[in-house]
Amino acid sequence: MAANNRRMSGKKGAQVGSGGQRRKGLEGKGPTPPAEMRKGHKKNRVAGAKARQTARRPAPRGRGGKSTSELVVGRNPVYEALREGVPASTLYVQQFIDNDERVREALQLAAERGGINLMEAPRPELDRMTNGLNHQGLVLQVPPYEYAHPQDLADAALDDGEDPLIVALDGVTDPRNLGAVVRSVSAFGGHGVVVPERRAAGMTAGAWKTSAGTAARTPVARATNLTRALEAYKKAGIVVVGLAADGEVELGELEALGGPVAIVVGSEGKGLSRLVGETCDFRVRIPMPGGAESLNAGVAAGIVLYEAARRRA
């Protein structure tokens with residue numbers, strides 16, 4: 001009888017169930033990752049070699065018209081940068097990374113945008129690239145920004161038969177303010193933004209995000225010396241208007257906003273520097289009945305650009 005039981009045990013029939021414990025093993029794991037992400041694939045090995053070479057290579061230095069490349073680090077920052085359209089050349093992904101929702105979304109956005117290289121790299125390489133920052137397995141490389149020359153902004157406006165409308169920033173160091181100004185210039189039909197080469201915010205990933213994509217169509221120029229750039233504008237017939245809390249002219253009284261004009265916005269704390277203030281044709285104040293002492297650069301530029309656009313309509 002025991003022998004019969006042994007023979008019968010090999011037959012199909014009702015079996016003890018798992019109670020649903022194995023159900024997770026039947027669930028899908030999402031789309032197949034690209035070849036560069038699959039361990040053992042030839043493209044994966046090539047991508048790893050390239051990542052190691054890039055990590056050892058110093059960041060390229062621009063020749064006056066370019067910034068240096070930048071790294072966006074961490075799962076949420078990388079995802080947000082990709083979602084907001086920040087330019088990117090390479091997305092580095094850590095080998096054997098825990099494939100959570102943010103990682104999958106970042107990979108999907110990079111694939112949908114196209115033109116972004118996917119590189120898998122071991123954690124030590126990413127640690128070295130980011131100087132030990134908490135990258136969480138995702139690092140996005142933002143290519144150097146190509147700045148225009150200040151004169152290019154005026155020339156482009158004149159070529160289109162329009163009076164130049166330009167905003168220059170003096171001592172503004174927060175990239176988010178620069179991005180906000182770029183967005184306002186784009187919204188009110190301006191022709192670009194000028195920033196000094198030193199001690200000023202540049203077109204970083206943060207500035208790109210705040211501009212909400214408008215930086216792709218609104219040029220930013222970099223001036224070696226802002227005062228000389230403004231003097232060159234004056235010689236070309238462009239009126240230079242500086243914003244100052246103690247300005248001699250109120251915004252609504254300035255007729256010059258209807259013509260070729262360069263609006264200069266200083267930092268929220270210090271305002272215009274002495275040399276830049278002396279270079280301006282007019283120093284204009286924005287009336288603030290509420291009693292605030294100052295406005296940040298993005299808000300102040302938006303108010304003046306609106307007034308200029310209204311006069312040009």
**Student:** If you take all heavy atoms of Val181 and Ala301, which pair is closest and at what distance?
**Tutor:**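 That closest heavy-atom pairing would be CG2-CB, 4.0 Å.
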**Student:** Between Ser186 (side chain) and Val182 (backbone), is there a donor-acceptor pair under 3.5 Å?
**Tutor:**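 The answer is no, because no donor-acceptor pair under 3.5 Å joins these two groups.
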**Student:** Please check: side-chain N/O of Arg75 versus main-chain N/O of Gly137, any donor-acceptor pairing under 3.5 Å?
**Tutor:**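 Not a single qualifying donor-acceptor pair exists.
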**Student:** Nearest heavy-atom pair of Ala229 and Ala223: which atoms, and what distance?
**Tutor:**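 Heavy atoms of Ala229 and Ala223 come nearest at CB-CB, 3.9 Å.
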**Student:** Could you give me the CA-CA distance, side-chain angles and deciding distance for Ile97 and Gln136, then say whether side-chain contact (heavy atoms from CB on, under 4.5 Å) is met?
**Tutor:** CA-CA 9 Å; Ile97 189 174; Gln136 300 176 305; over 6 Å; no
**Student:** Should we say atom CD of Glu112 is surrounded by more than 12 heavy atoms from elsewhere, each under 6.0 Å from it?
**Tutor:**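 Correct, the count exceeds 12.
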**Student:** Measuring only between side-chain heavy atoms, which start at C-beta, is Val261 closer than 4.5 Å to Leu165?
**Tutor:**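 Val261 reaches Leu165 side chain to side chain.
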**Student:** Measure the shortest side-chain to side-chain distance between Gln94 and Val139 over non-hydrogen atoms and say whether it is less than 4.5 angstrom.
**Tutor:**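 Contact flag for Gln94/Val139 side chains = no.
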**Student:** Can you hop from Leu178 to Leu305 via hydrophobic side chains spaced under 4.5 Å?
**Tutor:**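 Per the 4.5 Å side-chain linkage, Leu178 and Leu305 are co-clustered.
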**Student:** Please name the pair of heavy atoms, one in Arg199 and one in Thr173, separated by the smallest distance, quoted to 0.1 Å.
**Tutor:**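 That would be O-CG2, 3.9 Å.
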**Student:** Do you reckon Leu158 sits in the same ILVMFWY cluster as Val167, going by side-chain contacts under 4.5 Å, direct or chained?
**Tutor:**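 No, because Leu158 and Val167 fall into different hydrophobic clusters, even though each may have its own neighbours under 4.5 Å.
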**Student:** Evaluate whether atom CZ of Arg183 has more than 12 neighbouring non-hydrogen atoms of other residues, nucleotides or ligands under 6.0 angstrom away.
**Tutor:**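 No, not enclosed.
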**Student:** When you compare the side chain of Leu226 with that of Val276, does any pair of heavy atoms fall below 4.5 Å?
**Tutor:**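 The answer is yes, as the side chains (C-beta and beyond) meet within the 4.5 Å cut-off.
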**Student:** Compare every heavy atom of Gly202 with every heavy atom of Tyr147, then report the nearest pair and how far apart it is.
**Tutor:**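 In this case the closest contact between Tyr147 and Gly202 is OH-CA, 3.4 Å.
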**Student:** Between Tyr145 and Val220, which heavy-atom pair has the shortest distance, and what is it?
**Tutor:**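 For Tyr145 versus Val220, the nearest heavy atoms are OH-N, 3.2 Å.
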**Student:** Hydrophobic clustering (ILVMFWY, side-chain heavy atoms < 4.5 Å, transitive) - are Met288 and Val249 grouped together?
**Tutor:**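 Cluster IDs for Val249 and Met288 match.
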**Student:** Please name all residues satisfying salt bridge (Lys or Arg N to Asp or Glu O under 4.0 Å) with Glu231, sequence neighbours left out, ordered by chain then number.
**Tutor:**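 Salt bridge (Lys or Arg N to Asp or Glu O under 4.0 Å) check on Glu231 returns nothing, list empty.
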**Student:** With a cut-off of 6.0 Å (strictly less than), are more than 12 heavy atoms of other residues, nucleotides or ligands near CZ of Arg176?
**Tutor:**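 For Arg176, atom CZ is not crowded (no more than 12 foreign heavy atoms under 6.0 Å).
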**Student:** Below 4.5 Å, heavy atoms only, C-beta onward: do Gln141 and Asn117 meet side chain to side chain?
**Tutor:**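 A side-chain contact is absent here, since even the closest heavy-atom pair is not under 4.5 Å.
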**Student:** Checking side-chain contact (heavy atoms from CB on, under 4.5 Å) between Ile166 and each of Val264, Val185, Val194, Ile263, which is the one that passes?
**Tutor:**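 Running side-chain contact (heavy atoms from CB on, under 4.5 Å) over Val264, Val185, Val194, Ile263 with Ile166 returns exactly one hit, Val194.
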**Student:** Say you draw a straight line from CD1 of Ile116 to CG of Leu109; how long is it, rounded to the nearest 0.5 Å?
**Tutor:**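 Spacing of CD1 (Ile116) from CG (Leu109) equals 8.5 Å.
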**Student:** Are the side chains of Arg123 and Leu126 in touch, meaning some heavy atoms are under 4.5 Å apart?
**Tutor:**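 The answer is no; the side chains never approach within 4.5 Å.
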**Student:** Is the number of heavy atoms from other residues, nucleotides or ligands under 6.0 Å of Arg113 CZ greater than 12?
**Tutor:**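 Counting neighbours around CZ of Arg113, more than 12 heavy atoms of other residues, nucleotides or ligands fall under 6.0 Å, so yes.
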**Student:** Just wondering, do Asp127 and His135 contact through their side chains at under 4.5 Å, heavy atoms?
**Tutor:**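 Heavy-atom side-chain distance check passes, below 4.5 Å.
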**Student:** So that I can tick it off, tell me whether Arg310 and Glu307 are bridged by a salt bridge, with the cut-off set at under 4.0 angstrom between side-chain N and carboxylate O.
**Tutor:**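 Result for this pair is yes, salt bridge flagged.
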**Student:** Atom CZ of Arg222 and atom CD of Glu146: how far apart are they, to the nearest 0.5 Å?
**Tutor:**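 Going from CZ on Arg222 over to CD on Glu146, the span is 11.5 Å.
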**Student:** Do any N or O atoms from the side chain of Glu70 and from the backbone of Val142 form a donor-acceptor pair under 3.5 angstrom?
**Tutor:**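 Looks like no, no N/O pair under 3.5 Å.
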**Student:** To the nearest 0.5 Å, what is the distance between CZ on Arg274 and OG1 on Thr227?
**Tutor:**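 Result: 9.5 Å between the selected atoms.
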**Student:** As an exercise, state the distance from CG of Leu140 to OH of Tyr92, rounded to the nearest 0.5 Å.
**Tutor:**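 Result: 10.0 Å between the selected atoms.
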**Student:** Between Arg312 (side chain) and Gly259 (backbone), is there a donor-acceptor pair under 3.5 Å?
**Tutor:**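 Checked: pair present.
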**Student:** Can you give me the closest heavy-atom contact between Pro164 and Ala157, atom names plus distance?
**Tutor:**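 Looks like CA-CB, 3.7 Å.
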**Student:** Using the rule given for side-chain contact (heavy atoms from CB on, under 4.5 Å), can you reason through Met203 versus Trp208, listing the C-alpha separation, both sets of side-chain angles and the distance that settles it, and then say yes or no?
**Tutor:** CA-CA 7 Å; Met203 283 306 298; Trp208 270 97; 3.9 Å; yes
**Student:** Would you mind checking if Arg102 and Asp100 are paired as a salt bridge, meaning a charged N to carboxylate O distance below 4.0 Å?
**Tutor:**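 No, this pair does not count.
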**Student:** Checking salt bridge (Lys or Arg N to Asp or Glu O under 4.0 Å) for the pair Arg128/Glu125: CA distance, chi angles, key distance, verdict?
**Tutor:** CA-CA 5 Å; Arg128 181 164 56 178; Glu125 296 291 343; 3.0 Å; yes
**Student:** Do Asp170 and Val265 come close enough that some side-chain heavy atom pair is under 4.5 Å?
**Tutor:**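 Asp170 does not reach Val265 side chain to side chain.
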**Student:** Going from CD on Glu255 to CZ on Phe282, what distance comes out if it is rounded to the nearest 0.5 angstrom?
**Tutor:**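 Glu255 atom CD to Phe282 atom CZ measures 10.0 Å (nearest 0.5 Å).
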**Student:** Just how far is it from atom CG of Leu230 to atom CZ of Arg228, taken to the nearest 0.5 Å?
**Tutor:**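 Separation between the atoms: 11.5 Å.
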**Student:** Closer than 3.5 angstrom, by distance alone: can the side chain of Lys234 be matched with the main-chain N or O of Thr279 as a donor-acceptor pair?
**Tutor:**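 Looks like yes, one N/O pair under 3.5 Å.
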**Student:** Would you say that Tyr233 contacts Leu153 through its side chain, given a criterion of any heavy-atom pair below 4.5 Å between the two side chains?
**Tutor:**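 A side-chain contact under 4.5 Å exists here.
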**Student:** According to salt bridge (Lys or Arg N to Asp or Glu O under 4.0 Å), who are the partners of Glu250, at least two apart in sequence or on a separate chain?
**Tutor:**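 By the salt bridge (Lys or Arg N to Asp or Glu O under 4.0 Å) rule, Glu250 matches Arg285.
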**Student:** Do Tyr306 and Val193 share a hydrophobic cluster (ILVMFWY, side-chain heavy atoms under 4.5 Å, transitive)?
**Tutor:**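 Yes: a chain of side-chain contacts under 4.5 Å links Tyr306 to Val193.
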**Student:** Pairs in or reaching into residues 203-214: which pass salt bridge (Lys or Arg N to Asp or Glu O under 4.0 Å), with residues at least two apart or in two chains?
**Tutor:**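 Qualifying pairs, neighbours excluded: none.
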**Student:** If Ile, Leu, Val, Met, Phe, Trp and Tyr residues are connected whenever their side-chain heavy atoms lie under 4.5 Å apart, and connections chain through other members, are Val240 and Val284 in the same group?
**Tutor:**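 In one cluster with Val240: Val284, no.
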